[in-house]
Amino acid sequence: MKLYVYCVAEKIDPPAEPASGISGARADVLDLEGFSLLVSEFAGDTIPVTRDNVMAHAAVVRSILNETTPLPLRFGTVSDEQRLRSYLASHRQALEAQLAHVRGCVEMGVKIIWNTDQPDVDSSSDGPGARFLKEKQLRTGRAREVGAWLHEQLRPLLKDEQVSLAPTEKLIIAAAHLVDRDAIGKYRDQLAEARKLRQELHFLVSGPWPPYSFSNIDLEFKTRFGVS
Amino acid sequence: MSFDIEQLDQADLSLLETLDHVLNRGLVIAGEITISVADIDLVFLGLNVLLSSVETAHEVLRKRE
């Protein structure tokens, strides 16, 4: 039997009322190898990316967030009990370490946009190649400065962070912060104070989320060893 | 083109952030993800460019109007 998998968590009791998952299927707790997974029975071959399905995935993961901090799986994960058992057994140490790392925490998101219509750099006399390089250099330098500033503003409240510098032309920072649940109020207050200091920046703040950005143990492994 | 972030309301932002988190992040069990868009099967990585940037999302929203 195929299973659609939403998340992996430390052992939990089944909720009194199961959440509604992909295509309206019931999301049940499946206990395997000492972990609890939220899964739905799944009959198809592919998962359509629809708004309803994406929101259902998010809602199921969120449904146990008050009880525990799960590791969300990426949308579209379909497996079966035997393969899941094998995966959990072979990755037990990394999964347990990551669950311990996120325990009691949630993810907060901060995206920062450079909020000005002024030209980035005076490059009117340059050719297109030189202009591109100058602008890229300026964006990267600006992103580094803002990233360091943001980290310093929030540092005491961050258990972990994932930061992308200048991922797009206008977006100079995309950060995910792992924050203790009890510190969310302080985090918001601190961020509100910090925003007052940088009027040229536009902040998009979201959360609390389950720790989507702190769940990928393969990514953690690669990052640790400097392989991208 | 000037980028007006104010055109994105909170509901749009919540939806975009949910898309970004659910589709672009999370634990990956290699080789077990198959999704489809408009009946076309895709491996997930093909979607990153479409769904991971605020600017691109803004473009999508603007065209939708």
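Scope of the values below: all heavy atoms of this structure, side chains included, with no hydrogens, waters or symmetry mates. Residue numbers begin at 1 in each chain, while the letters A, B, ... track the order of the sequences. Values in this document were obtained by computation on a predicted structure and should not be read as measured data.
- Residue Ala174(A): no heavy atom, backbone or side chain, is found under 4.5 Å from chain B.
- Tyr4(A) contributes a side-chain N or O that, together with a main-chain N or O of Gly76(A), makes up a donor-acceptor pair within less than 3.5 Å.
- Applying the ring pair (Phe, Tyr, Trp, His ring centres under 6.0 Å) rule to Tyr187(A) yields the partners His177(A); only residues at least two apart in sequence or on another chain are considered.
- In this structure, the side chain of Tyr6(A) engages the main chain of Ile22(A) through a donor-acceptor pair within 3.5 Å.
- Listed for the Ser215(A) side chain is a donor-acceptor partner under 3.5 Å among the backbone atoms of Pro211(A).
- At least one donor-acceptor pair under 3.5 Å links the side chain of Arg74(A) to the backbone N or O of Asn24(B).
- Using a 4.0 Å cut-off between a side-chain N of Lys or Arg and a carboxylate O of Asp or Glu, Glu107(A) and Lys159(A) do not qualify as a salt bridge.
- Within residues 54-68 of chain A, the residues having any heavy atom under 4.5 Å from a heavy atom of chain B are, by residue number, Val54(A), Met55(A), His57(A), Ala58(A).
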